[in-house]
Amino acid sequence: MKPLGPVPAGYDTIGGELAIGGRTASALIAEAGGTPLFVYSRMHLDRRMIDLRAAMPERLAIHYAVKANPWQPVLQHMAGLVDGFDIASGGELALVMDAGIDPARVSFAGPGKRDIELEAAIRAGATLNCESENEVRRALNIGEQLGIKPRLAIRVNPDFELRGSGMKMGGGAKPFGVDAERVPALAKEIIAAGADWQGLHIFAGSQALDAEAIAEAQGNVLDLAAQLADDIGHGALPKLNMGGGLGIPYFAGDTPVDVRVVGDRLAERFDRLPLSLRETELCIELGRYLVGEAGVYLCTVVDRKDSQGETYVITDGGLHHQLAASGNFGTVVRRNYPVAIASRFGAAAEEVATVVGCLCTPLDRLADKALLPRADVGDVVAVFCAGAYGASASPAMFLGQGPAREILV
Ligand SMILES: *Cc1c(COP(=O)(O)O)cnc(C)c1O
């Protein structure tokens with residue numbers, strides 16, 4: 001038997017079934033027209049932001065990293081909750097503009113921005129978090145051709161990283177950002193060219209659960225930004241995107257980040273900022289922390305069988321919608337996400353079963369040797385923590401399966 005991850009708070013049982021936002025899984029499936037289905041809960045999205053705002057210093061702006069979940073209804077809902085949006089492609093720029101989000105609230109990071117993407121962002125008035133000297137020069141040229149002052153920030157490749165980070169994106173050689181020691185010269189070039197200097201973006205890592213590690217990384221970000229601002233010598237830094245890093249518990253033994261500790265430590269730092277950061281607009285950018293626990297993936301059991309003493313529960317879902325839950329999205333050792341039998345959410349666990357998808361590959365595993373209530377054909381399986389890096393980060397076209405349905409409740 002292998003343990004399951006912890007089911008996030010705020011999910012109830014109604015009539016023995018999983019309920020999301022006060023509605024049963026079967027009612028939601030009927031409304032959406034079937035499974036596989038992603039259900040996103042407004043109540044969870046709202047609650048998460050309320051709690052986060054309460055924990056963080058008022059001065060800290062909160063941005064949403066669109067790549068976690070770019071689905072239009074989710075984006076539109078987030079537009080009413082967060083202060084800004086971070087995008088990573090021209091495609092995401094189009095999505096935020098379709099959602100009616102003011103591009104002045106948008107910053108665009110990501111290596112390998114093509115000229116056409118730089119142009120679209122400059123025309124729209126979004127901030128470019130430039131990832132290289134070359135990119136700065138291309139953006140300056142495009143701005144000149146368009147007769148628009150580009151809004152330019154520099155993404156810094158910091159020389160430290162967030163401890164316990166799920167995905168390493170800072171410290172050492174990286175395709176992301178400009179090495180810290182080269183940033184002052186590049187910032188001076190941007191300012192001398194007459195562009196609209198927006199400041200710095202420093203992202204040290206992702207998916208951390210240890211509040212002290214996050215606080216330490218944020219302290220390092222503030223120290224580095226202050227040092228760079230002094231070296232740039234252009235007075236106070238206009239903006240500083242301090243990165244993200246807050247994770248969610250996916251696996252057995254994971255515990256939620258204590259955001260009050262992160263907020264208190266940040267407030268202490270904000271009380272004694274150096275002159276170069278005292279007037280700076282400060283933000284963090286979060287993806288999975290804001291939307292991950294608000295999503296549940298529902299799929300229907302289409303078969304069950306035994307093989308050499310092991311029970312397999314076979315669903316109409318799979319890794320084509322849930323690459324991360326299957327353990328194939330940047331994980332070294334496969335562990336079980338929080339998975340439940342939604343149609344028997346109140347029932348006691350009674351058998352050890354492996355829940356698989358409908359794809360003809362051994363990688364397609366939603367829960368491995370998990371202790372669950374018995375699931376028969378027609379029962380519904382729920383995979384939690386499905387709000388981030390689910391639908392848009394999975395190969396929906398693999399084996400001709402196609403996308404899942406999505407619904408916001
Ligand atoms: C992916 C990414 C994020 C969001 O990461 P989460 O783990 O979803 O919070 C934030 N900033 C940058 C630069 C990213 O690449």
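Remember, it's 1-based here, ligands and their atoms both numbered in the order they're listed.
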Inset, instruction - Give a yes or no on whether R114 atom CZ has more than 12 heavy-atom contacts from other residues, nucleotides or ligands under 6.0 Å away. - result: no
Inset, instruction - Please could you name the atoms of ligand 1 that S206 approaches to less than 4.0 Å, counting only its heavy atoms? - result: 5 (O), 6 (P), 7 (O)
Inset, instruction - Run down the list H63, E131, K67, R155 and name the one with the heavy atom closest to atom 2 (C) of ligand 1. - result: K67
Inset, instruction - Please determine if G245 has a nitrogen or oxygen closer than 3.5 Å to a nitrogen or oxygen of ligand 1. - result: no
Legend entry - Whether over 12 other heavy atoms sit under 6.0 Å from E144 CD: no
Inset, instruction - Could you tell me whether the side chain of Q218 reaches within less than 4.5 Å of the side chain of R265, counting heavy atoms only? - result: no
Legend entry - Worked check of ring pair (Phe, Tyr, Trp, His ring centres under 6.0 Å) between F384 and Y11: CA-CA 10 Å; F384 294 90; Y11 291 100; 5.3 Å; yes
Inset, instruction - Kindly identify the option in Y64, Y389, F203 whose heavy atom sits closest to atom 6 (P) of ligand 1. - result: Y389
Legend entry - Sub-4.0 Å heavy-atom contact, F176 with ligand 1: no
Inset, instruction - Give a yes-or-no answer on whether the side chains of Q145 and N141 include a donor-acceptor pair shorter than 3.5 Å. - result: no
Inset, instruction - Answer with side chain, backbone, both or neither: which part of Y289 has a heavy atom less than 4.0 angstrom from an atom of ligand 1? - result: neither
Legend entry - Contact partition for A109 relative to ligand 1, non-hydrogen atoms under 4.0 Å: neither
Inset, instruction - Could you list which atoms of ligand 1 come closer than 4.0 Å to a heavy atom of A65? - result: 3 (C), 4 (C), 10 (C)
Inset, instruction - Count the heavy atoms belonging to other residues, nucleotides or ligands that lie under 6.0 Å from CZ of R59, then report whether that count exceeds 12. - result: yes
